[in-house]
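Working notes, structure below.
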Amino acid sequence: RKEVEQDPGPFNVPEGATVAFNCTYSNSASQSFFWYRQDCRKEPKLLMSVYSSGNEDGRFTAQLNRASQYISLLIRDSKLSDSATYLCVVNEDSEYALNFGKGTSLLVTP
Amino acid sequence: NAGVTQTPKFQVLKTGQSMTLQCAQDMNHNSMYWYRQDPGMGLRLIYYSASEGTTDKGEVPNGYNVSRLNKREFSLRLESAAPSQTSVYFCASSPRNNEQFFGPGTRLTVL
């Protein structure tokens with residue numbers, strides 16, 4: 001199975017801080033990339049897709065570097081409600097299923 | 001729309017017992033999936049169904065069977081539960097091999 005690797009953390013940051021997560025993937029043929037968010041004891045939910053040109057959604061910015069096979073997520077002005085586990089997810093074109101990283105834990109403190 | 005629903009939410013089984021986890025989606029999605037999530041292991045695919053009438057093994061299919069009853073429903077069966085199957089089980093659906101929508105999960109304990 002192709003790998004999706006993430007730093008598990010935890011990342012402990014104060015409110016208002018900027019935090020960045022990276023993720024690497026091993027399959028150069030991967031086609032689609034996502035960041036999911038998972039709250040404690042809840043189901044994963046799509047945070048944002050990651051496009052080749054990079055994309056932004058409010059305080060969240062996602063970047064893709066195909067040459068180096070890594071994906072990043074930047075969170076600006078962290079809120080307490082951002083505390084969660086962030087899952088890097090890769091879709092390999094020949095497969096129907098998504099390949100999930102093990103997640104990076106973020107704790108935003110007052 | 002309810003999205004993806006799963007029943008039951010919690011279940012405790014004894015070793016050797018059988019049970020079926022139910023999943024239904026009302027989004028008219030073609031593809032459905034079953035995952036298990038264990039601490040430190042992340043989400044692992046058990047089985048998936050790319051379309052009604054088809055099922056395929058994922059990464060960890062041993063000890064499980066599935067049925068794609070119709071477009072809406074995809075069930076997961078444990079024929080003879082083992083303690084190693086203690087986990088949180090998530091069902092998901094997607095319109096194609098892309099973004100997936102997850103159900104709330106079933107927390108299963110096998111004693």
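Every chain is numbered from 1 and lettered A, B, ... according to where its sequence line falls, protein lines coming before strand lines. None of these values were measured; they are calculated from a predicted model.
Once rounded to the nearest 0.5 Å, the distance linking CD of Q37(B) with CD of E43(A) reads 11.0 Å. Rounding to the nearest 0.5 Å places CZ of R44(B) at 9.0 Å from NZ of K102(A). Taking OG of S31(B) as the reference point, atom CG of L98(A) lies at 10.0 Å (rounded to 0.5 Å).
Cluster membership check: Y35(B) shares its hydrophobic cluster with L46(A), using side-chain heavy-atom separations under 4.5 Å among Ile, Leu, Val, Met, Phe, Trp and Tyr. Under the 4.5 Å side-chain contact rule for hydrophobic residues, L47(A) and V13(A) share a cluster. In terms of hydrophobic clustering, with Ile, Leu, Val, Met, Phe, Trp and Tyr side chains grouped at heavy-atom distances under 4.5 Å, L108(B) and L45(B) are assigned to different clusters. Criterion: ILVMFWY side-chain heavy atoms under 4.5 Å apart, direct or through other members. Under it, F90(B) and L87(A) are part of a common hydrophobic cluster. No continuous path of ILVMFWY side-chain contacts below 4.5 Å connects V108(A) to L74(A), so the two sit in separate hydrophobic clusters.
Using a 4.5 Å cut-off between heavy atoms, Q38(A) touches chain B through its side chain atoms alone.
For chain A, the option among G103(B), G105(B), G58(B) with the highest count of heavy-atom pairs below 4.5 Å is G103(B).
Nearest heavy-atom pair across F102(B) and P44(A) is CD1-O, 3.5 Å. Minimum interatomic distance between R107(B) and K42(A) (heavy atoms only, all atoms of both residues): NH2-N, 4.0 Å.
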Subject >> Worked verdict on Y36(A) versus Q100(B) for side-chain contact (heavy atoms from CB on, under 4.5 Å) >> reply: CA-CA 10 Å; Y36(A) 276 69; Q100(B) 293 182 10; 3.8 Å; yes
